[in-house]
Every structure is written in C-alpha cells, then in structure tokens.
Amino acid sequence: MSEKTKTIEYPEQLAAVAARQGLQMASIEAWIVLKLLDDHGYILKMTEDFELFLRDTQGSDSTEDEPYTIRDCIELCQEMNEELLADHLSNKDGDADKLESLQKDELILRGLMLRAANALPARVRVFNVAIIENLRKVVPVEAASWDEARLKAEEMWKNGECVLTTADFAGVNYTCYN
C-alpha cells in the first residue's frame, strides 16, 4: 500500500468508506463495527481515496495492513459478536443487560450484512481453518485427590501407557485460525 492512510476513529468516517463501496450505513451501525473491532484489537485505516484496510494491533508482529471491504468488516464483526454471545450464554450468572445488548448488536449486524451482501459480492480469500479432533478415553486411576489423579493420568499418557486411537474419537471442531 503506497498511499498514506489514516486511522478510522469516528462512525462518520466508516460510513463514508462504506458509501464509496455502495453501502449506506447508519452511525449506530458504524459505531458497533468500530467498537467490536477495537475491543478485539483491530483498527481500520483508510486512504484518501476511501480504500479500507484492517490492522491487527495485537496478534501479529507485522504492521502490514490488509486490504478489506466493508462486507469483510461486517462479517468479522458478526463472528466476534457471536463468540461474545456464546461466551455470555455459557455463563450462568450473566448480566441480562449485556445479553440484551449483544442480541441487539447481532440483529443490527445481521441486517447490515444482508444489505452489504446485496451491495458487494463476496471476496474470495484464503482462510486458515484449524481442524481440531477431540479424543476421549476414560481410565481408572487410584489417587487421594483429583490433582493427584490428573498428574498420574498425565504421566501414563506421556509414558505411552494410555494411547488414544481413532476408536476414542469424541468429535471435531472447526475454527478460523489466523
């Protein structure tokens, strides 16, 4: 990227970039996108020609900005909000107001994504998909405590006394790994 970029800090800036890409975006929608990105360690940058770039401020050593579309941003935000919602729902003592806020954001992002999908075709890109297989084997371990039992089981596994095979398959998960 040769052009000078500046960080998008205000919803109006993101709405202007979105409009250039054919998507009309309300300030509240832009604010939700910027807040989710910021909370997860991302910032958006734009050129003078309203090109959009994403920068991961935490996870990568690279200061390289990745070209992005507004549709890509919304999709990423949907994924992040879904994770927050799932985490919140798994917490039995969750804050009802926070749950309601996450659900509202989900509805807003879903509507925004529908409009973005109509305005911008999907961009084909490479996804790094982590395939995580889960194996499970229950072994009896005599011990005085759970900690001792876990340590003994860990030693059994390390020493090859307890080998898990495809017969112990307990499921598979897929996650984006970047």
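Start at 1 with the first residue, then count along the sequence. The figures that follow rest on heavy atoms only: side chains count, while hydrogens, waters and symmetry mates do not. Quick caveat: nothing in here was measured; it's all calculated off a predicted structure.
Connection of Leu109 to Leu89 is established within a shared hydrophobic cluster, with ILVMFWY side chains joined at heavy-atom distances below 4.5 Å, either directly or through further cluster members. When the side chains of ILVMFWY residues are joined at heavy-atom separations under 4.5 Å, either directly or via intervening members, Trp31 and Ile74 end up in a single hydrophobic cluster.
Residues Leu44 and Leu52 have side chains in contact (heavy-atom distance under 4.5 Å, counting atoms from C-beta outward). Residues Asp168 and Arg136 are not in side-chain contact: their nearest non-hydrogen atoms beyond the backbone lie 4.5 Å or more apart. Between His88 and Lys98, the closest side-chain pair of non-hydrogen atoms falls below 4.5 Å. Two residues are said to be in side-chain contact when any heavy atoms from C-beta on lie closer than 4.5 Å; Val172 and Ile132 fail this criterion. Side-chain contact between Lys137 and Cys162 is present, with at least one heavy-atom pair separated by less than 4.5 Å.
Across every non-hydrogen atom of Asn81 and Leu102, the tightest pair is ND2-O, 3.1 Å. Residues Leu85 and Gln103 approach most closely at CD1-CG, 4.0 Å, considering heavy atoms. In plain terms, the two heavy atoms of Ala30 and Met25 that are nearest each other are CA-CE, 3.9 Å. The two residues Val141 and Met156 come nearest to each other via the heavy atoms CG2-SD, 4.2 Å. The nearest pair of heavy atoms linking Phe169 to Leu135 is CA-CD2, 3.7 Å. Nearest heavy atom pair, residue Ala149 against residue Ala143, reads N-CB, 3.5 Å.
Defined by atom type and a distance below 3.5 Å, a donor-acceptor pair is missing between the side-chain atoms of Asp87 and Ser90.
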Please lay out, stage by stage, how Arg115 and Glu29 fare under the test salt bridge (Lys or Arg N to Asp or Glu O under 4.0 Å). CA-CA 12 Å; Arg115 294 193 337 262; Glu29 294 168 327; 2.9 Å; yes

Using the rule given for side chain to side chain contact (heavy atoms under 4.5 Å, CB included), can you reason through Lys45 versus Lys6, listing the C-alpha separation, both sets of side-chain angles and the distance that settles it, and then say yes or no? CA-CA 5 Å; Lys45 297 182 91 53; Lys6 68 178 181 178; 6.0 Å; no

Using the rule given for salt bridge (Lys or Arg N to Asp or Glu O under 4.0 Å), can you reason through Arg110 versus Glu106, listing the C-alpha separation, both sets of side-chain angles and the distance that settles it, and then say yes or no? CA-CA 6 Å; Arg110 188 180 306 147; Glu106 179 185 20; 3.2 Å; yes

Verdict with supporting geometry, Leu112 and Leu23, side chain to side chain contact (heavy atoms under 4.5 Å, CB included): CA-CA 9 Å; Leu112 189 56; Leu23 176 66; 4.0 Å; yes

Would Arg71 and Met113 satisfy side chain to side chain contact (heavy atoms under 4.5 Å, CB included), going step by step from the backbone distance to the final call? CA-CA 7 Å; Arg71 180 181 173 149; Met113 187 61 187; 3.5 Å; yes

Output, in order, the C-alpha distance, side-chain angles, deciding distance and verdict of side chain to side chain contact (heavy atoms under 4.5 Å, CB included) for Tyr68 and Leu76. CA-CA 11 Å; Tyr68 243 56; Leu76 177 61; 4.0 Å; yes

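Glu51 contributes no side-chain N or O that, together with a main-chain N or O of Thr47, makes up a donor-acceptor pair within less than 3.5 Å. With hydrogens and angles ignored, the 3.5 Å screen pairs a side-chain donor or acceptor of Asp56 with a backbone N or O of Gln58. At least one donor-acceptor pair under 3.5 Å links the side chain of Lys152 to the backbone N or O of Glu142. Within the 3.5 Å criterion, the main-chain N or O of Glu155 finds a donor-acceptor partner in the side chain of Asn159.
The number of heavy atoms from other shown groups lying within 6.0 Å of NZ (Lys104) does not exceed 12. The number of heavy atoms from other shown groups lying within 6.0 Å of CD (Glu161) is above 12.
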Which pairs of donor and acceptor atoms, one on a side chain in residues 8-17, lie under 3.5 Å apart (sequence neighbours left out)?
unit_1, atom_1, unit_2, atom_2, d
Gln13, OE1, Glu9, N, 2.7
Gln13, OE1, Tyr10, N, 2.8

Give the table of side-chain donor-acceptor pairs shorter than 3.5 Å for residues 33-41, with sequence neighbours excluded, one pair per line with atom names and distance.
unit_1, atom_1, unit_2, atom_2, d
Lys35, NZ, Asp39, OD1, 3.0
Lys35, NZ, Asp39, OD2, 3.1
His40, ND1, Leu36, O, 2.9

